[in-house]
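A short write-up of the structure that comes next.
Counting starts at 1 for both ligands and their atoms, following the listed order. All heavy atoms count here, side chains included; hydrogens, waters and symmetry mates do not.
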Amino acid sequence: MRISEIVKNLKPSATIAAAAKAKELKATGVTVYEFTLGEPDFNTPDHICAAAKEAMDAGHTHYTPATGIPELKKAVAAAYKRDYNLDYEPAQVVISNGAKHSIHNVLTTLCQPGDEVIIPTPYWVSYSALVELCGAKPVLVPTTQESGFCLSPEQFANAITDNTRLMMLNNPCNPTGAAYPVETLEGLAKVAVEKQVPVLSDEIYEKLVYPGSEFRSFASFGQDVKDLTIIVSGVSKAYAMTGWRIGWTLAPADVTKGMSNLQSQQTSNPCSISQYAAVEALNGPQDCIPEMLAKFTERREYVLKRLRAIEGLSFADPGGAFYAFFDVSSYFGKPLQGGRTVDNSLDFCSALLEEAHVALVAGDDFGAPGYVRLSFATSMDIIEAGLDRLEAFLKP
Ligand code: PMP
Ligand code: GLU
């Protein structure tokens, strides 16, 4: 059959593809040290699962309103008031099938062919693909390790043209872990207002911020900034709920209306049972967040200590999320375990998987060739053994 041009050019998500490759090897009986997918290894807390069971018993197994049940929209609006002192009406909330779907909703609602979308690099693998799916053009603006992988206000201003439709900000960032300093956010917000450029602020890692860094929602820098901001977030990372597929947007009324119409045509509604679980996640006890964060903090410190001790690797310390993103290019062209030599990150990851059974994601699809991503959202046992193997792979 003829496949459309736009889909023909679409590659599978690099993170999901890397995880699938690791699973294939695992299926042959090999023990694989898996650091690919960015998803908490913890199970969803019991009280949240109990709320889902109650929802099923209560017969909440039907279609819901297209943009989500009123209880969940109210819970989202209340959480932003409680956590960030931001005032949103429940009517400004659209619940969708995960934050990835929310991003697609925003892009489809705002972008059309000829539009440009500014994306600081390194960026999460799906950003450019989702922009291209709308026929718009990703404008990639490289950030540097020295700047902690943060886009500067000057870089933002310089990338704006008459065709700029949106800037996609990811704070804290996947894959770099960059947690933007408040003054940088203020500077970016000033540029957005001066130039009237809307900002999609992907804040999915908002609760995963480490000592020394601070999270501020992009919408919190004044009403004029809030009017230009579309917040994207969800329950996947903060509450270990990746499989439930619940994300949301908080947006100005006209954008919300567009996304509502889109979603009613496109998916009818997000899963009813997951929505009730998400209500409990937001309204119920919040202790699970600091508990999981404490574990991630411990793992982060360990991973960074080990990576620092390996000569030739370099990185910026991640202030948030659960990734270490490091430059391995000094190893290109040098003999590695098994006598292999590689000259790019993709081959580096393949060799590492084949020789040492350690699975990482290559930086190329994050817009950062030469780098690799390690997700430390996995157990300390796996982290310790995986880093031993990485070290041995590099120093055969
Ligand atoms: N944004 C970023 C930066 C992510 O890393 C992810 C990955 N999960 C998402 C959005 C999508 O999250 P969800 O599971 O809610 O679709
Ligand atoms: N966001 C996660 C990651 O980067 C999940 C996989 C995906 O949706 O791409 O690994």
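- When only non-hydrogen protein atoms are considered, atom 15 (O) of ligand 1 lies nearest to Ala99 N, 2.7 Å.
- Among protein heavy atoms, the minimum distance from atom 10 (C) of ligand 1 is reached at Trp124 CZ3, 3.3 Å.
- A cation-pi arrangement, defined by a distance under 6.0 Å to the six-membered ring centre and an angle within 45 degrees of its axis, is present between Arg216 and Phe221.
- In terms of protein heavy-atom proximity, atom 16 (O) of ligand 1 is closest to Arg245 NH2, 2.7 Å.
- Between the side chains of Glu116 and Thr161, at least one donor N or O sits under 3.5 Å from an acceptor N or O.
- Listed by atom number, the atoms of ligand 2 under 4.0 Å from Lys237 heavy atoms are 1 (N), 2 (C).
- Judged purely by distance below 3.5 Å, without hydrogens or angles, the side chains of Gln92 and Tyr80 never pair a donor atom with an acceptor atom.
- Counting only heavy atoms of the protein, atom 7 (C) of ligand 1 lies nearest to Lys237 NZ, 3.1 Å.
- The ring pair (Phe, Tyr, Trp, His ring centres under 6.0 Å) analysis of residues 23-58, with sequence neighbours excluded, yields the pairs Phe42-Phe296.
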Go through Leu133 and Ile6 one step at a time and tell me if the side chain to side chain contact (heavy atoms under 4.5 Å, CB included) criterion holds.
CA-CA 6 Å; Leu133 267 182; Ile6 216 155; 4.2 Å; yes
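- When each atom of ligand 1 is checked for a heavy atom of Asn174 under 4.0 Å away, the hits are 3 (C), 4 (C), 5 (O).
- Every atom of ligand 1 with a heavy atom of Ser236 under 4.0 Å away is listed here by number and element: 13 (P), 14 (O), 15 (O).
- Using the six-membered ring where Trp is involved, Tyr127 and Tyr123 have ring planes that are parallel, under 30° apart on the 30 and 60° scheme.
- Those atoms of ligand 2 that come under 4.0 Å of a heavy atom in Ser13, given as number and element, are 9 (O).
- Heavy-atom proximity to Tyr205, at under 4.0 Å, picks out these atoms of ligand 1: 3 (C), 4 (C), 5 (O).
- For Phe215 and Tyr205, the gap between ring centers reaches or exceeds 6.0 Å.
- The nearest heavy-atom contact from the protein to atom 8 (O) of ligand 2 is Lys100 NZ, 3.1 Å.
- Residues satisfying the side-chain hydrogen bond (donor to acceptor under 3.5 Å, both in side chains) criterion with His60, sequence neighbours excluded, are Tyr276.
- Contacts between Thr242 and ligand 2 below 4.0 angstrom, taking non-hydrogen atoms only, are absent altogether.
- Atoms of ligand 1 lying under 4.0 Å from at least one heavy atom of Asn170, given by number and element, are 3 (C).
- Nearest to atom 7 (C) of ligand 2 among the protein's heavy atoms is Thr15 OG1, 3.4 Å.
- The ligand atoms of ligand 1 that sit less than 4.0 angstrom from a heavy atom of Gly98 are 15 (O), 16 (O).
- Any N or O atom pair closer than 3.5 Å counts here, and Ser126 shares no such pair with ligand 2.
- When hydrogens are left out, the protein atom nearest atom 1 (N) of ligand 1 is Asp202 OD2, 2.6 Å; that is the closest non-hydrogen contact.
- Side chains of Tyr84 and Glu206: a donor on one and an acceptor on the other come within 3.5 Å.
- Residue, atom and distance of the protein heavy atom nearest to atom 10 (O) of ligand 2 are Gly38 N, 2.7 Å.
- For the pair Trp124 and ligand 2, the shortest N or O to N or O distance falls below 3.5 Å.
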